[in-house]
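Please read the structure below before turning to the comments.
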Amino acid sequence: MKNFLFLFSALFIISCAPDKIPADLLVKNATIYTVNETFDTATAFVVKDGKILEIGLKPELELKYSIKETYDADGKTIVPGLIDAHAHLLNLGVSMQQVNLVDTKSYKEILERVVAFQKEKNSDYIIGRGWDQNDWEIKEFPTKKELDSIFPNTPVSLRRIDGHAMIVNSKALELAGITAETIMAGGEVILKDGEPSGVLIDTPMELVWDTYPKKDKGFYIKALKDAEEKCLELGLTTIDEAGSNRFAIELVDSLQQAGEMSLRMYAMITKDKSNLDYFLNKGIIKTDRLNVRSVKIWADGALGSRGAAMREEYSDQAGQHGAMVTAEAELDSLAKRIVKAGYQMNTHAIGDSANISVLRVYTEALKNEEDPRWKVEHAQIVTASDFNYFSKKILPSVQPTHATSDMYWAEDRVGPERIKGAYAMKTLLDKSGVIALGTDFPVERVNPMHTFYAAVARKDLENYPEGGFRKEEALTREEALKGMTIWAAYSNFEENEKGSIEVGKLADFTVLDNDIMKVDEKDLPNTKVLATFINGEKVYSAN
């Protein structure tokens with residue numbers, strides 16, 4: 001009775017106050033996972049000028065504030081705006097303008113899609129992406145024979161889903177000047193009967209890219225907007241762009257400044273000399289939606305194409321060790337320059353050899369740094385003793401769906417011993433205290449609910465395997481949500497402005513139709529986004 005009288009008195013005093021405080025938005029009737037330090041829940045909050053003004057109960061907030069707009073969540077779940085800590089936004093948008101080869105089950109199906117695309121588009125240069133020979137009945141690289149037969153005069157370039165291999169026809173090889181004598185460090189021109197088979201691994205692909213028809217600015221604007229639309233409808237509010245050049249970054253900035261792009265971006269510049277010279281000399285760039293303070297480096301290739309650098313030969317291909325795309329000496333040189341500029345170094349490392357090279361370089365470069373937060377992107381295959389290199393200074397940035405995409409064949413590649421250090425999310429978290437989670441889209445699907453599900457269940461979308469793939473490395477639901485929000489923000493030096501629903505932070509949040517902290521595990525990947533808010537503004541609605 002005393003508690004009731006106290007609450008009644010408080011509400012009476014507030015209601016009698018002469019002036020209510022103006023606010024822009026009231027969010028009410030929700031199950032809100034704030035992801036604050038104690039992982040509290042709430043039911044309502046108020047937004048003003050794009051930031052969280054107060055969190056509490058609906059009655060007291062309605063009485064205290066003069067609200068311009070109300071969002072009734074109708075009992076649904078709200079989480080902080082989701083962050084993809086490793087993605088390729090522009091690549092996603094560009095791929096949406098090209099031949100989509102994702103989920104093809106045979107080379108024949110690839111050819112059928114390419115023919116259908118060309119019949120509609122009549123392109124001067126056919127470009128596609130998304131195939132994965134590991135999904136085919138015959139799990140071998142294709143050759144250019146069929147492409148040459150169908151397209152003898154039109155160049156064709158089809159990238160593997162991970163972006164680290166491509167199949168091209170003879171016309172594309174001719175334009176790129178690639179022959180059996182072409183040798184490039186960090187990659188391979190695969191030969192058959194002494195001639196290029198049409199399959200290129202890593203660095204030789206650059207020769208093909210140089211021959212692509214040039215696209216105008218309008219093409220890239222459309223690509224970015226198409227990709228943004230896809231991200232917003234899936235609840236993402238910030239994208240960590242894992243490798244971008246000055247043109248793309250300035251294009252994103254111009255769209256954001258003009259109010260034509262809502263999505264926030266944490267941009268990692270590529271290591272091209274022009275990029276490094278411009279950005280490292282300019283220093284950190286920070287606006288309300290763009291943050292440029294990191295460099296993306298590729299240490300090696302991908303496991304699926306056997307381009308990942310391994311200490312010992314691949315278990316399923318004698319003599320094959322993969323290759324370093326960036327040698328350790330160059331990594332060391334880059335690290336010294338990057339640390340001096342006050343930038344963060346984020347390095348793609350898949351194989352155990354690549355990981356130890358990166359970890360050694362980081363450890364040496366950061367010995368006098370207090371809070372660098374350098375990231376190892378993927379940290380996919382790590383030797384057991386090398387996990388100890390991870391710390392508050394060296395953070396893992398991992399993509400959970402890589403584990404569930406690769407699990408069918410990964411042990412074939414690395415064998416029963418090395419697989420014990422593979423896709424080790426829990427071990428990496430234990431060493432660093434935080435783990436940033438992403439998708440690597442368009443290598444994987446954009447959907448962050450697939451990320452969440454793969455992290456906690458370690459299963460594919462068919463609920464396979466029954467017990468989960470290496471389930472001992474699964475994250476709890478709380479850890480997974482933190483990895484997609486506050487820990488991802490922390491890895492970007494942005495934990496004080498986003499990543500949780502707390503007073504003073506940006507009003508970025510995502511509304512879900514399932515309570516992902518409680519719903520049955522099998523229902524997690526089917527969770528739908530009902531609305532996405534950035535700066536307290538609804539930028540997507542399922543309605």
Is it true that a side-chain atom of [X] and a backbone atom of [Y] form a donor plus acceptor pair closer than 3.5 Å?
X    : Y    : result
Q317 : Y314 : no
R129 : I161 : yes
Y453 : D460 : yes
R373 : L395 : no
E241 : L89  : yes
Y362 : K375 : yes
E377 : I297 : no
S197 : I190 : yes
N355 : I381 : yes
D300 : A354 : no

Please examine the side chains of [Y] and [X], heavy atoms only from C-beta on, and report whether any two atoms are closer than 4.5 Å.
X    : Y    : result
F441 : C231 : yes
L236 : R264 : no
E473 : L428 : no
V339 : P372 : no
D406 : Q380 : yes
F219 : V94  : yes

I'd like to know if [X] and [Y] make a salt bridge, using a cut-off of under 4.0 Å between side-chain N and carboxylate O.
X    : Y    : result
K459 : E466 : no
R445 : D103 : yes
K192 : E195 : no
D386 : R311 : yes
E478 : K482 : yes
K426 : D430 : no
R477 : E479 : no

Practice problem: Evaluate the ring planes of H348 and H164, with Trp represented by its six-membered ring, and classify them as parallel (under 30°), tilted (30 to 60°) or perpendicular (over 60°). | Solution: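 Judged by the thresholds at 30° and 60°, the geometry between H348 and H164 is tilted.
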Quick one: pull up [atom1] in [X] and [atom2] in [Y] and give me the separation to the nearest 0.5 Å.
X    : Y    : atom1 : atom2 : value
I183 : I178 : CD1   : CD1   : 13.0 Å
K431 : K392 : NZ    : NZ    : 14.5 Å
R306 : E188 : CZ    : CD    : 11.0 Å
W409 : D132 : CH2   : CG    : 6.5 Å
S405 : M407 : OG    : CE    : 8.0 Å
Q344 : K296 : CD    : NZ    : 12.0 Å

Side chains of [Y] and [X]: any donor to acceptor distance under 3.5 Å?
X    : Y    : value
N134 : Y408 : no
K171 : N153 : no
E494 : Y266 : no
T383 : R418 : no
D240 : N492 : yes
D135 : Q133 : no
T439 : D84  : yes
T104 : E109 : no
D272 : S274 : no

Exercise. Could you point out which residue of V199, L175, T211, L173 forms a side chain to side chain contact (heavy atoms under 4.5 Å, CB included) with V168?
Key: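 Going through V199, L175, T211, L173 one by one, the side chain to side chain contact (heavy atoms under 4.5 Å, CB included) with V168 is satisfied by L173 alone.
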Exercise. Show your working on side-chain hydrogen bond (donor to acceptor under 3.5 Å, both in side chains) between D148 and S170 and close with a plain yes or no.
Key: CA-CA 6 Å; D148 285 347; S170 292; 2.6 Å; yes
If you count heavy atoms of other groups shown closer than 6.0 angstrom to [atom1] of [X], is the number above 12?
X    : atom1 : answer
F247 : CZ    : yes
N388 : CG    : yes
K145 : NZ    : no
Q320 : CD    : yes
K393 : NZ    : yes
E312 : CD    : no
K471 : NZ    : yes

Practice problem: Could you go through the side-chain contact (heavy atoms from CB on, under 4.5 Å) check for E444 and Q399 one step at a time? | Solution: CA-CA 9 Å; E444 301 282 355; Q399 302 72 47; 5.7 Å; no
For residues 331-338, please give each side-chain donor-acceptor pair under 3.5 Å, one per line with the distance, not counting sequence neighbours.
| unit_1 | atom_1 | unit_2 | atom_2 | d |
| --- | --- | --- | --- | --- |
| D332 | OD2 | K336 | NZ | 3.2 |
| R337 | NH2 | D277 | OD1 | 2.7 |

Assess the pair [X] and [Y]: is the distance between their ring centroids shorter than 6.0 Å?
X    : Y    : value
Y212 : Y125 : yes
H86  : H402 : no
Y343 : F279 : no

Self-check item: Taking every non-hydrogen atom, the tightest pair across A308 and G351
Solution: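 Closest approach of A308 to G351, heavy atoms only: CB-N, 3.7 Å.
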Practice problem: Dump the intermediate steps for side-chain contact (heavy atoms from CB on, under 4.5 Å) on T510 and L512, then the final yes or no. | Solution: CA-CA 6 Å; T510 304; L512 306 172; 3.9 Å; yes
Exercise. Show your reasoning for whether side-chain contact (heavy atoms from CB on, under 4.5 Å) applies to W374 and E369.
Key: CA-CA 11 Å; W374 284 18; E369 300 300 311; over 6 Å; no
Practice problem: For the pair W298 and D202, evaluate side-chain contact (heavy atoms from CB on, under 4.5 Å) and give the outcome as yes or no after the intermediate values. | Solution: CA-CA 10 Å; W298 280 263; D202 288 314; over 6 Å; no
Quiz item: Yes or no on salt bridge (Lys or Arg N to Asp or Glu O under 4.0 Å) for K222 and D226, after CA distance, side-chain angles and deciding distance?
Solution: CA-CA 6 Å; K222 184 178 188 310; D226 286 353; 2.7 Å; yes
